[in-house]
Number of protein chains: 2
Amino acid sequence: MKLPAHELVYRKIRDKVLFGDLSPGQAVTIQGLAEEIGVSMTPVREAIRRLTAAGALEFMGNRRVTVPQMDENSFAELVFAREAVEPQLARQACMRVNSQVISQLRAIDQEVNQAIEAGDVPEYMYQNYRFHFMLYRHADSAILEPMAQTLWLRYGPLYRIICGKWGTANMVDLHAETVSALEKGDAEATAKAILLDVQQGFEIIRNSFQWS
Amino acid sequence: MKLPAHELVYRKIRDKVLFGDLSPGQAVTIQGLAEEIGVSMTPVREAIRRLTAAGALEFMGNRRVTVPQMDENSFAELVFAREAVEPQLARQACMRVNSQVISQLRAIDQEVNQAIEAGDVPEYMYQNYRFHFMLYRHADSAILEPMAQTLWLRYGPLYRIICGKWGTANMVDLHAETVSALEKGDAEATAKAILLDVQQGFEIIRNSFQWS
DNA sequence: GCCCTCATAATATGATCAGATTCTCGGAGG
DNA sequence: CCTCCGAGAATCTGATCATATTATGAGGGC
């Protein structure tokens with residue numbers, strides 16, 4: 001079970017983006033990352049290529065690689081895409097999950113709530129991610145699930161800024177709705193619950209972010 | 001205007017996938033491609049990483065890289081995603097195109113028609129691609145347009161099989177509808193025209209493909 | 001005399017390669 | 001049917017070359 005170095009590097013950098021360790025506009029260098037992680041440049045280069053292909057990173061000019069800045073247009077597109085993709089994933093997942101998965105989801109939801117109460121932003125973001133993709137994984141989807149992944153990669157850095165500014169105080173947890181829809185096996189209700197979750201997350205950002 | 005080798009390699013392989021030079025299930029090796037193109041393995045490795053991240057290629061086990069096979073589920077998701085993304089791109093593009101772009105599109109549409117009449121499948125696929133992405137480029141989209149790219153990468157090999165089997169005989173050209181909607185500046189009509197185009201393409205595949 | 005500008009040098013970073021090493025697959029032999 | 005090689009492919013490194021960015025300093029204008 002030994003994963004290749006480029007895969008480990010990829011996951012490490014991806015998580016940095018996903019959970020907001022890197023903020024929009026921040027530049028990274030291949031050599032810098034190579035030194036930091038303790039590998040040669042080649043595996044880092046490959047990880048960077050994958051991440052730029054996924055939109056998690058962006059080439060600026062011909063030398064610098066940065067976390068993409070998001071403007072109002074891109075933000076609107078991100079909303080549009082997540083609202084299209086994620087409810088559909090939830091719909092498909094609902095038809096496939098068993099009761100064991102549902103209890104796992106409920107357990108993760110507990111973690112989310114605890115993180116909110118504790119005001120632990122990184123933990124909240126991590127557990128929230130876990131909840132969504134634990135669900136989406138069971139959609140058994142080769143197309144939509146990777147799309148959702150790339151959308152979250154764009155969403156992460158932005159969301160991190162908001163959470164850092166406001167804390168977890170005004171985070172409302174809409175996962176209970178989702179879990180109860182799953183228990184009933186109601187695919188449409190599940191899709192609707194996820195749609196609301198997505199919309200609510202974006203409301204928070206929209207209201208508390210001034211687009212320079 | 002000298003592009004790096006890994007970029008050239010990426011484009012070369014991407015076009016192979018996009019226009020069906022590689023068929024689903026076909027395996028490629030890094031060394032093989034490196035030798036074929038005449039570069040070292042490193043740039044090829046980077047190109048492969050990008051393409052796998054985009055879903056154009058797929059790791060089978062830990063050794064072989066192949067063009068993904070598509071089953072009925074994935075196909076349905078591909079339909080769903082294209083129907084969501086591409087009309088929206090068309091909608092946004094409609095609000096930004098000028099008359100010069102419209103004439104370019106009309107010119108490309110001529111090429112498409114000629115390719116259909118000539119029964120030239122590769123040319124048809126190439127010009128059809130050009131038409132769509134010439135339009136989408138003007139949507140000025142950082143999120144949706146790359147998504148459409150990856151969807152076409154999955155669509156290409158499949159479409160190529162169909163075209164190879166039936167020729168261009170039953171290809172209906174719905175681009176004229178799109179162009180005329182653009183001329184009127186009617187964003188909704190443009191979106192609808194593209195939606196029909198997408199649906200019609202999928203009808204052909206759905207009807208003429210038995211899912212083993 | 002001071003500050004700005006532009007050319008040039010120094011440094012950092014990226015791109016590519018060839019080779020050493022590790023790993024996987026497939027077949028031969030038990 | 002399982003285990004153990006061997007061929008070939010992939011991975012990773014360090015070196016080398018190319019190029020972008022930054023630092024430096026001379027010259028000219030205010």
Side-chain angles (χ1 to χ4, degrees), chain A residues 1-17 21-69 142 146 153 157, chain B residues 1-17 21-69 142 146 153 157:
Chain A
M1 194 54 193
K2 209 179 133 236
L3 291 168
H6 65 84
E7 180 68 29
L8 294 172
V9 172
Y10 167 76
R11 294 187 189 187
K12 203 166 252 178
I13 304 174
R14 181 200 58 187
D15 287 354
K16 273 181 186 288
V17 175
D21 285 359
L22 297 170
S23 27
Q26 187 166 344
V28 296
T29 65
I30 295 177
Q31 288 187 343
L33 288 166
E35 203 158 325
E36 177 187 329
I37 300 174
V39 295
S40 158
M41 279 171 61
T42 309
V44 177
R45 287 169 60 72
E46 293 176 26
I48 299 270
R49 295 284 175 254
R50 287 175 66 181
L51 289 161
T52 51
L57 295 176
E58 195 179 26
F59 276 118
M60 297 292 290
N62 208 352
R63 203 61 168 217
R64 269 184 160 43
V65 178
T66 67
V67 181
Q69 303 260 188
L153 281 170
Chain B
M1 196 52 194
K2 206 179 131 233
L3 290 169
H6 64 84
E7 180 68 29
L8 293 172
V9 172
Y10 167 76
R11 294 186 187 185
K12 206 166 250 179
I13 303 175
R14 182 200 58 187
D15 287 354
K16 273 181 184 288
V17 175
D21 285 358
L22 297 171
S23 27
Q26 188 166 345
V28 296
T29 64
I30 295 177
Q31 286 188 344
L33 288 167
E35 202 159 323
E36 177 187 329
I37 300 174
V39 295
S40 159
M41 283 169 57
T42 311
V44 177
R45 288 167 59 73
E46 291 175 30
I48 297 274
R49 297 283 175 255
R50 286 174 68 180
L51 289 161
T52 52
L57 296 175
E58 195 179 26
F59 275 119
M60 297 293 287
N62 207 352
R63 199 56 166 215
R64 271 191 155 38
V65 179
T66 68
V67 181
Q69 303 260 185
L153 281 171

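Residue numbers start from 1 in every chain, and the chains themselves are labelled A, B, ... in the order their sequence lines are given, proteins ahead of strands.
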Could you go step by step and tell me if R49(A) and H6(B) meet the side-chain hydrogen bond (donor to acceptor under 3.5 Å, both in side chains) rule? CA-CA 10 Å; R49(A) 295 284 175 254; H6(B) 64 84; 3.2 Å; yes
Output for pair (L51(A) CG, R14(A) CZ), nearest 0.5 Å, gives 8.5 Å
Taking atom P of dC12(D) as reference, at what distance in whole Å does atom CG of L33(A) sit? 16 Å
Going by heavy atoms in the side chains, are L57(A) and I48(A) under 4.5 Å from each other? yes
Which protein N or O atoms sit under 3.5 Å from an N or O of nucleotides 5-9 of chain D?
from: dG8(D); atom 1: N2; to: R63(B); atom 2: NH2; distance (Å): 2.5
from: dA9(D); atom 1: OP2; to: Q31(B); atom 2: OE1; distance (Å): 3.1
from: dA9(D); atom 1: N3; to: R63(B); atom 2: NH2; distance (Å): 2.7

Indicate yes or no: at least one non-hydrogen side-chain atom of L3(A) is less than 4.5 angstrom from one of R11(A). yes
Over all heavy atoms of both residues, which pair between A47(A) and V9(A) is shortest? Give the atoms and the distance, please. CB-CG1, 3.7 Å
Do other residues, nucleotides or ligands put more than 12 heavy atoms under 6.0 Å from the CD atom of Q26(A)? yes
From CE of M60(B) over to P of dC25(C), roughly how many Å is that when rounded to an integer? 11 Å
Could you please spell out the steps behind the salt bridge (Lys or Arg N to Asp or Glu O under 4.0 Å) verdict for E36(B) and K12(B)? CA-CA 11 Å; E36(B) 177 187 329; K12(B) 206 166 250 179; over 6 Å; no
Check the distance between dC12(D)'s C1' and H6(A)'s NE2 and give it to me in whole angstrom. 10 Å
For salt bridge (Lys or Arg N to Asp or Glu O under 4.0 Å), just list the numbers for R50(A) and E7(A), CA-CA rounded to whole Å, side-chain angles, deciding distance to a tenth of an Å, and then say yes or no. CA-CA 10 Å; R50(A) 287 175 66 181; E7(A) 180 68 29; 3.0 Å; yes
Atom CZ of F59(B) to atom C1' of dT11(D): distance rounded to whole Å? 11 Å
In whole Å, what is the span from the CD atom of E7(A) to the P atom of dA10(D)? 17 Å
Check the distance between dT11(D)'s C1' and Y10(A)'s OH and give it to me in whole angstrom. 19 Å
Tell me the interatomic distance from L8(B), atom CG, to dA15(C), atom P, rounded to whole angstroms. 13 Å
Counting only non-hydrogen atoms, which of residues 42-52 of chain B are less than 4.0 Å from DNA chain C? T42(B), P43(B)
Between V39(A) and V28(B), name the one whose nearest nucleotide on DNA chain D is closer to the 5' end. V28(B)
Whole angstrom is fine here: how far is it from CG in L3(A) over to P in dC23(C)? 12 Å
E35(B), CD: over 12 other non-hydrogen atoms inside 6.0 angstrom: no
